[in-house]
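Below: one structure, written as structure tokens.
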Amino acid sequence: MATKEQAEAAAKAATGDSTPIEVRYMPGEIEAKWQARWEAQPDLYAAEPASSEKKKYYVLEMLPYPSGALHMGHVRNYSIGDALARYMWMQGYNVLHPMGWDAFGLPAENAALKNNTPPRQWTLSNIAAMKEQMNRVGFSYDWRNEITTCLPDYYRWNQWFFLRMYERGLAYRKKSKVNWCPQCATVLANEQVVNGCCWRHEEQIVEQRDLEQWFLRITNYAQELLDELSKMDGWPEKVRTMQRNWIGRSEGAEIAFELEDGSDATEEEEKERKKGTAMLPARAGVKGTGQKIKVFTTRVDTIYGATSLQLAPEHALVKEMAASDAGLSDAVAGLLEQQRKAREAGDVGAIEKHGVFTGYYAINPYSGERLPVWVGDYILLDYGTGAIMSVPAHDDRDYEFAKKYGLEIRVVILPRSHGEAAANGDRDLLPYTSEDSLLINSGEFNSMGCEEAQTKMAAYAEAHGFGKATVTFRLKDWGISRQRYWGTPIPMLYCAKDGIVPVPESELPVLLPENVEITQQGGSPLARMPEFVNATCPKCGGKALRETDTMDTFVDSSWYFYRYTDAHNDKAPFATDTVAYWFPIDQYIGGVEHAILHLIYSRFWTKVMRDMGLVKNDEPVERLFTQGMVIRNGAKMSKSKGNVVSPDEMIVRFGADATRMYSLFAAPPDRDLDWQEDGVAGVSRFLSRVYRFAMKHGERARDGAARDTNLSPESQALLRKLHQTIRKITEDFAGRWHFNTCIAAIMELVNALTAAEGAIGAGKVPDAVLGEALRSLTLMLAPFAPYLAFELWEYIGETSDLLRAPWPKFDEALAREEQIEIPVQINGKLRAVVTVGADAGEDTVRDAALKDEKIASLIAGKEIVRMIVVPRKLINIVVK
RNA sequence: GCCCGGAUGGCGGAAUCGGCAGACGCAGCGGACUUAAAAUCCGCAGACCUUUACCGGUCGUGGGGGUUCAAGUCCCCCUCUGGGCACCA
């Protein structure tokens, strides 16, 4: 109901009393009224069960971290999802639109340190505050399925999945490097390492430590994760490209070089051996030690141009060599130190390369030549085999390194146009890396093209037992151990007798203790709680120690959207058939910052669950939408930049409807949005205009009489604009999602309505037409400004539930223009505009154009060379 | 270095398939209402030239070239800018 004041005003207007009584749009009052009503109906936004006859639609926005307050990025993200959910309800779908909390993570521990509040309490009170904000904005979430990842009824299933993966060999333990701050005495997440230093201790350089960690074997799925991408056309190409690069598949070959024994070296060789800058030629009787160095290369075709091997400083063989060579040991330590400092300085690409000769040589299995073995700080231990063959002539990095240390540079491929004549190659060309080339100086492979040589040389290696064609991925297994408190305990035990023993499923969940003391010292507080650490081995009944690491929070978000479909299941993470009804997610909406980690992990998790028989879908998300950032004064809103605008403040000043509608109006949803407060005021003014118009004329919409077929020109014009608007918005929801132009279209419609007020007042627009316009307008506002829409719906006498009221249908005949304006160009320049019937053919248009006075005078005395007539579009007369 | 976006009035943006560039909104200017202001309503509004005015003309979508009757849109080259990855062999 409208306020008393407004009812009076409307009554006066209806009785023809012209005394102006101001009708004011007061979003605060309207929104409070409807919020109270909506909150009294807990099932308002409830999805129907999976047995529903209706077609399902699962729309999902990425769940927030409960930091304590919504920011504008949230409001934008959720306004997009909310508009879509409301639209799909109005289209008659069974809509699932849930929300939850990504509630584990570091900030809770930091807050605990700062305010002496337990992480759980801090997190839960933040959740309560943010939930209230969400309801205040009017988002249509089905809170019955709310999930909170830090509560045992959720995280117990993380543990359950972990055990299932352990059984299948998908979870394993190995040593791995972690960032360690000696002052905090704890491990840091990558995000907490700023310029190589601890985020809390700015002068403290972060160390790398080797720790035993749990890993999930995502690399088992690398190929499938890559292959599926090409079929996922509901995802932005940008995200797919980012994922492809992240997975980083490289085809190449693995080749084993045998270390040379060297004890029977000739005198000449001895001199050279000390320097390690040149190869030793092949000769009969060279002996090997039997020890092999495996290298990975994508360019085995250039192997005759390899003039050294380069090992990563951390390579196991380097450690072995250094063990008996103090000089080498010191040099390698120096390399590592230099490397660490260089990485701190940033700009990895510009870092100068360093290396040390080991004193050893290895035999090129193709040529028999002996290559000096070096340690190069530009070699990554954890990619490929941690060792490469260095081909200075045909690799940028190897070239730089060889120039610096005076290593040999041998050309083995040439551009096809060069022919074999230029046997030594053109030195100005180097490094020359094109694969559109021919081989030279490469024994029996000479004059082959690179690609052919790659295949043949890999086959040769395999036939001779020293190598093979192989595929390498950049993607690494997912380390999930975190030496932190506020996360899911990893359900594993360590028994002196039985080793690593999983916690039996019947003992889940392993509860995260709550009475912890969080201090800045000494890693996870769990390790200092004997009542947590000490346990009994389920195998032998003896003493066992509990794992004190917790899981990466990305585990929580890898499968949360499945839990929404069956959030209260205490027998399983979810029921398979319920998931089969709802999945895949029809539309997922969130920030592009999750393009890689979250969106790869959750794809991986889905495939694991599929292989376990828990789900039937291969991929979790059918369509993905990534909205742009919210920018203000040229930068992303952030506390440090001081350009944050609080949603609460906007809502108080302009109302929730105006705030969320502006977030959709100011830019297309996929682009960055420049926040301008005056723009919010403008949207608020627009809503106010709608409100006042409806209050003035809404009475006349109430009788709902059928429209007369005999329409006045004013009615026709109004209906045309109305149906054009319905068509535009309907088509946009189906495809483009340019909600900014949808809202602009609604504004145009309202402009047309207010412009027609004279005709409306003069009775030239019957109640039926006015009613149709007002009803449809209200329905179209519902996804964008739900509070106002509900208020108007009630005021114009509708009693049905607006949330599920059918979306208006457009009438193509009514939307069609009767007269259209056709621009007339002469030689491509606009000279006149003629008005013709909408379905005028080519001849009619041409005649009209030629008859136009201005056109006639302009072409008088000129020769018409050509005339292009595009019906309904334009006419261009080409004259000479 | 590599891979994606983006660049249109004073500002945010529109132009979905190559067919009237600047929809819609903001800010601005002029007017109405008002004692006044706010609010509201009406109108103007890319730049330049011409003109008392009307009318008219030229230029114009980051820059340069091209294709076409016609280019913000397609092709080639370049600049700036935002983002992602980054010694991945």
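Below, read A as the first sequence line, B as the second, and so on, with proteins coming before strands; counting in each chain starts at 1.
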Sequence-distant partners of [X], side chain to side chain contact (heavy atoms under 4.5 Å, CB included), two or more places apart:
{"X": "A/Glu593", "value": "none"}
{"X": "A/Glu757", "value": "A/Phe693, A/Lys696, A/His697, A/Thr754"}
{"X": "A/Pro668", "value": "A/Asp670, A/Arg671, A/His738, A/Asn740"}
{"X": "A/Ala256", "value": "A/Lys292, A/Lys294"}

Partners meeting salt bridge (Lys or Arg N to Asp or Glu O under 4.0 Å) with A/Arg249 (sequence neighbours left out):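 Here the qualifying residues are A/Glu251.
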Angle between ring planes, A/Phe401 versus A/Tyr378, binned at 30° and 60°: parallel, tilted or perpendicular?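 If you compare the ring of A/Phe401 with that of A/Tyr378, the planes turn out tilted.
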According to side-chain hydrogen bond (donor to acceptor under 3.5 Å, both in side chains), does anything in residues 823-834 of chain A pair up with another residue at least two apart or in another chain? List the pairs.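 Sorted pair list comes back empty.
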Taking the [atom1] atom of each, how far is [N] from [M], in whole Å?
{"N": "B/U40", "M": "B/C26", "atom1": "P", "value": "10 Å"}
{"N": "B/G64", "M": "B/A14", "atom1": "P", "value": "25 Å"}
{"N": "B/U81", "M": "B/U67", "atom1": "P", "value": "32 Å"}
{"N": "B/C48", "M": "B/C54", "atom1": "P", "value": "16 Å"}
{"N": "B/G6", "M": "B/G13", "atom1": "C1'", "value": "14 Å"}
{"N": "B/C78", "M": "B/A27", "atom1": "P", "value": "43 Å"}
{"N": "B/C33", "M": "B/C41", "atom1": "C1'", "value": "8 Å"}
{"N": "B/U61", "M": "B/U73", "atom1": "P", "value": "9 Å"}

Give a yes/no on whether any side-chain N or O of [X] is located under 4.0 angstrom from OP1 or OP2 of [N].
{"X": "A/Ser688", "N": "B/U40", "value": "no"}
{"X": "A/Arg671", "N": "B/G82", "value": "no"}
{"X": "A/Lys829", "N": "B/C59", "value": "yes"}
{"X": "A/Arg736", "N": "B/U16", "value": "no"}

Nucleotide [N], atom [atom2] - distance to [atom1] of [X] in whole Å:
{"X": "A/Glu853", "N": "B/C55", "atom1": "CD", "atom2": "C1'", "value": "14 Å"}
{"X": "A/Asp670", "N": "B/G6", "atom1": "CG", "atom2": "C1'", "value": "11 Å"}
{"X": "A/Leu673", "N": "B/G82", "atom1": "CG", "atom2": "P", "value": "18 Å"}
{"X": "A/Asp398", "N": "B/A89", "atom1": "CG", "atom2": "P", "value": "12 Å"}
{"X": "A/Gln454", "N": "B/A89", "atom1": "CD", "atom2": "C1'", "value": "13 Å"}
{"X": "A/Asn245", "N": "B/G83", "atom1": "CG", "atom2": "P", "value": "18 Å"}
{"X": "A/Tyr378", "N": "B/A89", "atom1": "OH", "atom2": "C1'", "value": "8 Å"}
{"X": "A/Ile255", "N": "B/A89", "atom1": "CD1", "atom2": "C1'", "value": "13 Å"}

With syn defined as a glycosidic angle within 90° of 0 and anti as the rest, where does B/G9 land?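 Syn, which is what one calls it when the glycosidic angle falls within 90° of 0.
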Is B/C11 in the syn range, within 90° of 0, or in the anti range?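 Anti, angle beyond 90° from zero.
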Residue whose closest nucleotide on RNA chain B lies nearer the 5' end, A/His738 versus A/Arg474: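 Comparing both residues, the 5'-ward one is A/His738.
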A/Asn364 side chain vs A/Leu371 backbone, donor-acceptor pair below 3.5 Å: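 No: the side chain of A/Asn364 does not pair with the backbone of A/Leu371.
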Please check: side-chain N/O of A/His394 versus main-chain N/O of A/Tyr432, any donor-acceptor pairing under 3.5 Å?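 Yes, the answer is positive, given that a donor and an acceptor are paired below the 3.5 Å cut-off.
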For A/Trp675, what residues pass the ring-ring contact (aromatic ring centres under 6.0 Å, His included) criterion, not counting sequence neighbours?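 A/Tyr662.
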Between protein and nucleic acid, restricted to nucleotides 65-67 of chain B and to nitrogen or oxygen atoms under 3.5 Å apart, what atom pairs and distances do you find?
none

Proximal nucleotide (of B/A89, B/G82, B/A15) relative to the A/Asp672 side chain: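 Closest of the options to the side chain of A/Asp672: B/G82.
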What I want to find out is whether A/Arg736 reaches A/Glu731 closely enough, with some N-O distance under 4.0 Å, to be called a salt bridge.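 So A/Arg736 does not pair with A/Glu731 through a salt bridge.
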Going 5' to 3' through nucleotides 17-28 of chain B and flagging B where a protein heavy-atom sits under 4.0 Å of the base, S where only the sugar-phosphate is that close, and - otherwise, we get --BB--BBSSS-
List in chain and number order the residues that pass side-chain hydrogen bond (donor to acceptor under 3.5 Å, both in side chains) with A/Arg720, two or more places apart in sequence or in another chain; answer none if no residue qualifies.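 Listed in chain order: nothing, the list is empty.
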Of all residues at least two apart in sequence or in a different chain, which pass the side-chain hydrogen bond (donor to acceptor under 3.5 Å, both in side chains) check with A/Lys728?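 Scan of A/Lys728 (side-chain hydrogen bond (donor to acceptor under 3.5 Å, both in side chains), adjacent residues dropped) gives A/Asp732, A/Thr741.
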Quick one: the dot-bracket string of RNA chain B, using Watson-Crick and G-U wobble pairs with both distances under 3.5 Å, [ ] for crossing pairs and | for bases paired to another strand. (((((((..(((......[....))).(((((.......))))).((((......))))..(((((..]....))))))))))))....
Distance in Å, A/Tyr366 OH paired with A/Ser442 OG, rounded so as to fall on 0.5 Å steps: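 The OH atom of A/Tyr366 sits 10.5 Å away from the OG atom of A/Ser442.
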For A/Arg831, answer base if it contacts any base atom (sugar-phosphate contacts may also be present), sugar-phosphate if it contacts only those atoms, and nothing otherwise; contact means non-hydrogen atoms under 4.0 Å.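 Sugar-phosphate contact only - A/Arg831 comes under 4.0 Å of backbone atoms but never of a base.
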